[in-house]
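In what follows, a structure is listed as structure tokens, so that the remarks can point back to it.
All values derive from a computational prediction rather than experimental measurement. Along the sequence shown, the residues carry numbers beginning at 1.
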Amino acid sequence: MTQKTILFLFLFSIQQVWAQNASSEAEADSVVYWKNGGSFALNIQQVGLTNWAAGGESSLAIGGTLEGFANYEREEVVWENRAKFGYGVIRKGDNTNRFEKTDDAIILSSKYSQKFSQMILMSAAINFRTQMDEGVKLENVAGQSEKRRVLISDFMAPGYLQASLGLTYRPQAGLSATLAPFTGRFTFVLNDSLSRAGSFGVIAGEKIRSEAGISLIGTFERTLMKNVELKTNYNFFSNYEKFPNTVVNIEAGLNLKVNDFIQSKVNTQLIYDDDVKVTRSDGTRGRDVQLKNVITVGFTLKF
């Protein structure tokens, strides 16, 4: 608990420093140079079945996402900031069953750039990712009807902090790529049991793993047609000691706008990390591609 508190206070203090600097500059420049906004999305799905001849199971699913950005651009300076918090649960059957987690993410990023030209920039970036709650996997136990709940993740287990310095290519609005040959990646596993197990690539018993390597980070955003937007973020990292083995993290989202308050979203995330072993659906364990698909329709409030 102490480690969580220290890390949270550290990140909060950084945010406060940035906010104070942004506030002092925004007082004079916000009308012209600052662009900021955000959105809150809430979706609820309920299926109720009583004496249903075709079979099936009742369920209740609730999910929410809070996103925000604050970008500054003036003369030779570009500063881009993004935050995302997402959480979702589902309960199958009646109200005696547990809610199980379907989504859980904390993403914070900041990139400061100096222009060589409108398309080429020198950039320093920080990206932080973790989750809010425990993650469990249900496993079958020989001779028992009930499945066993096994802890596989927790807050800051894993947590990823990536800091990089490199060149950004920005040929047009909504498209950018940053190649950073100077990248440090830190993996945190602050849960004691997961640390002892050597989860997420840390040495058994250790809680932090540091790597030096090269990264390619970028975004692609485009309006495909009226009320249909595509947003993609990608992050590739290769440790110099294991080059060309690459950690892959790609997120793609399709936003379908019904009106100012109702939207449908189709989100896909693909992760591959050679240092992370996962339990497959057949019970075997090893390195594999992680894939998440989420389709939601719900209430969205933009600000």
Other residues, nucleotides, ligands: >12 heavy atoms within 6.0 Å of M132 CE: yes
Test salt bridge (charged side-chain N to carboxylate O under 4.0 Å, His left out) applied to E100 and R91, R149, K147, the passing residue: R149
Within residues 219-235 or reaching into it, pairs that qualify as salt bridge (charged side-chain N to carboxylate O under 4.0 Å, His left out) - sequence neighbours excluded: none
V78-I120 co-clustered via ILVMFWY side chain contacts under 4.5 Å: no
Over 12 foreign heavy atoms within 6.0 Å of CZ, F261: no
Other residues, nucleotides, ligands: >12 heavy atoms within 6.0 Å of I203 CD1: no
Closest non-hydrogen atom pair, E67 against F303: O-CZ, 4.1 Å
Heavy-atom side-chain contact between L121 and K115 under 4.5 Å: yes
Distance (rounded to the nearest 0.5 Å) between Q162 CD and N249 CG: 9.5 Å
Near-ring test F236/Y234, centroid separation under 6.0 angstrom: yes
Side-chain heavy atoms of E211 within contact of K242, under 4.5 Å: no
L167 side chain near F116 side chain, heavy-atom distance below 4.5 Å: yes
Nearest heavy-atom neighbours spanning L165 and P181: O-CD, 3.7 Å
Working for side chain to side chain contact (heavy atoms under 4.5 Å, CB included), residues L179 and I214: CA-CA 8 Å; L179 180 63; I214 183 172; 4.0 Å; yes
From L42 atom CG to F40 atom CZ, the distance as rounded to the nearest 0.5 Å: 5.0 Å
Contact summary for V276 and Y160, nearest pair of heavy atoms: CG2-OH, 4.2 Å
Heavy atoms from other residues, nucleotides or ligands near CD of E241 exceed 12 (cutoff 6.0 Å): no
Under 3.5 Å donor-acceptor, S264 side chain and V297 backbone: no
Transitive ILVMFWY side-chain link L190 to I152, under 4.5 Å: no
Close side-chain approach of L254 to L224, heavy-atom, < 4.5 Å: yes
Derivation and outcome, side chain to side chain contact (heavy atoms under 4.5 Å, CB included), residues K84 and T65: CA-CA 7 Å; K84 178 180 179 181; T65 303; 3.9 Å; yes
Contact summary for A70 and N36, nearest pair of heavy atoms: CA-CB, 3.8 Å
No-hydrogen, no-angle side-chain donor-acceptor test under 3.5 Å, N233 and T219: no
Inter-residue atom distance L194.CG - S153.OG, 0.5 Å rounding: 7.5 Å
Inter-residue atom distance N97.CG - S59.OG, 0.5 Å rounding: 11.0 Å
Linked, directly or transitively: F237 and L270 (ILVMFWY side chains, under 4.5 Å): no
K277, NZ atom: more than 12 neighbouring heavy atoms under 6.0 Å: no
OG-CE distance between S113 and M122, expressed to the nearest 0.5 angstrom: 10.0 Å
E76 side, atom CD; Q114 side, atom CD - distance, nearest 0.5 Å: 7.0 Å
Verdict with reasoning, I44 to L60, per side chain to side chain contact (heavy atoms under 4.5 Å, CB included): CA-CA 8 Å; I44 301 174; L60 175 63; 4.3 Å; yes
S109 and N127: CA distance, side-chain angles, deciding distance, side-chain hydrogen bond (donor to acceptor under 3.5 Å, both in side chains) verdict: CA-CA 4 Å; S109 64; N127 181 278; 4.6 Å; no
Note: R185-D273 ion pair, threshold 4.0 Å (strictly below): yes
Heavy atoms of other groups near Y240 OH, more than 12 under 6.0 Å: yes
Summary of salt bridge (charged side-chain N to carboxylate O under 4.0 Å, His left out) pairs that have at least one residue in residues 167-184, sequence neighbours excluded: E73-R170
Closest approach of L151 to V136 (non-hydrogen atoms, all atoms of both residues): CA-CG1, 4.3 Å
Heavy-atom side-chain contact between I107 and R82 under 4.5 Å: yes
V228 with L230, same ILVMFWY side-chain cluster at under 4.5 Å: yes
Validation row: K111, I217 side chains within 4.5 angstrom (heavy atoms): no
Test log, rule side chain to side chain contact (heavy atoms under 4.5 Å, CB included), inputs Q131 and Y87: CA-CA 9 Å; Q131 61 190 51; Y87 194 79; over 6 Å; no
S164 side chain to T183 side chain, donor-acceptor N/O pair below 3.5 angstrom: no
Quiz: residues 286-296 side-chain donor-acceptor pairs under 3.5 angstrom, not counting sequence neighbours:
{"from": "R287", "atom 1": "NE", "to": "D274", "atom 2": "O", "distance (Å)": "2.5"}
{"from": "D288", "atom 1": "OD2", "to": "R280", "atom 2": "NE", "distance (Å)": "2.8"}
{"from": "K292", "atom 1": "NZ", "to": "D103", "atom 2": "OD1", "distance (Å)": "3.0"}
{"from": "N293", "atom 1": "OD1", "to": "T268", "atom 2": "OG1", "distance (Å)": "2.9"}

I262 with M225, same ILVMFWY side-chain cluster at under 4.5 Å: no
Whether W34 and Y72 hold their rings parallel, tilted or perpendicular, with breakpoints at 30° and 60°: tilted
Test item: F69 and N81 side chains (from C-beta on) under 4.5 Å apart, heavy atoms: no
Atom of S39, atom of T300 and distance for their closest heavy-atom approach: CB-CG2, 4.4 Å
